[in-house]
Amino acid sequence: MTDNQEPTREQKIWQVVAAIPQGTVASYGQVAAMAGLGRQARFVGRALGRLPAGHDIPWHRVLRSNGQIAFPEATEARRTQTEKLRLEGVEVNNGRVSMRTFQWRP
DNA sequence: CCCGTGACGGACA
DNA sequence: TTGTCCGCCACGG
């Protein structure tokens with residue numbers, strides 16, 4: 001099948017995100033670095049936006065470098081992400097997460 | 001091929 | 001503290 005065996009950058013990103021433990025979070029920049037993509041933080045966001053249906057990627061564990069949720073307040077996604085994080089024991093205040101939550105190790 | 005865009009990041013006022 | 005500006009870089013039109 002002429003398929004490229006080499007994983008696309010998106011798939012690498014998804015794999016990294018999938019490796020984030022429950023109850024912890026990572027920033028887009030962190031994910032990019034862990035995926036070996038350097039500073040392509042923006043590409044991470046785009047990759048998550050292209051997640052296929054039926055995925056089991058914990059996209060909600062990815063935040064901005066300052067611990068803030070990337071979605072605007074008035075969006076449904078923002079509320080969903082906040083709720084998912086809280087269900088995992090992550091404290092979210094006004095769309096923001098404590099930096100201590102970033103303490104996850106590979 | 002050129003251009004605009006983006007679930008970002010960091011510096012600066 | 002918040003808001004603005006610039007840099008990165010793959011991708012779509």
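Labels below follow one simple rule: chain letters A, B, ... track the order of the sequence lines, proteins then strands, and each chain is numbered from 1. For the numbers below, each heavy atom of this structure counts, side chains included, while hydrogens, waters and symmetry mates do not.
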Rounding to an integer number of Å, can you tell me how far [X] [atom1] sits from [N] [atom2]?
X: A:Q68; N: B:dG10; atom1: CD; atom2: C1'; value: 15 Å
X: A:L63; N: B:dA7; atom1: CG; atom2: C1'; value: 10 Å
X: A:Q81; N: B:dA7; atom1: CD; atom2: P; value: 13 Å
X: A:F43; N: B:dT5; atom1: CZ; atom2: P; value: 19 Å
X: A:E76; N: B:dA7; atom1: CD; atom2: C1'; value: 15 Å
X: A:R64; N: B:dG6; atom1: CZ; atom2: C1'; value: 11 Å

Charged N to carboxylate O under 4.0 angstrom, A:E88 versus A:R61? yes
Would you mind checking if A:R79 and A:E76 are paired as a salt bridge, meaning a charged N to carboxylate O distance below 4.0 Å? yes
Under 3.5 Å, is there a donor-acceptor pair between the side chain of [X] and the main chain of [Y]?
X: A:R50; Y: A:E10; answer: no
X: A:R78; Y: A:F71; answer: yes
X: A:Q81; Y: A:H60; answer: yes
X: A:W14; Y: A:A47; answer: yes

Please classify the nucleic acid contact of [X] as base, sugar-phosphate, or nothing, using heavy-atom distances under 4.0 Å.
X: A:R78; answer: nothing
X: A:G29; answer: sugar-phosphate
X: A:R46; answer: base
X: A:Y28; answer: base

Nearest-nucleotide wise, let me know which of A:R50 and A:R96 is further upstream toward the 5' end of DNA chain C. A:R96
For chain A, the stretch of DNA chain C it reaches, first to last nucleotide, under 4.0 Å of its heavy atoms: C:dG7 to C:dG12
More than 12 heavy atoms from other groups under 6.0 Å of CD on A:E91: no
Less than 4.0 angstrom between a side-chain N/O of A:S65 and OP1 or OP2 of B:dG10, yes or no? yes
Closest of B:dC8, B:dA7, B:dG10 to the A:F71 side chain is B:dA7
Side chain of A:L48 only, heavy atoms from C-beta on: which candidate in B:dG6, B:dG9, B:dA7 is closest? B:dA7
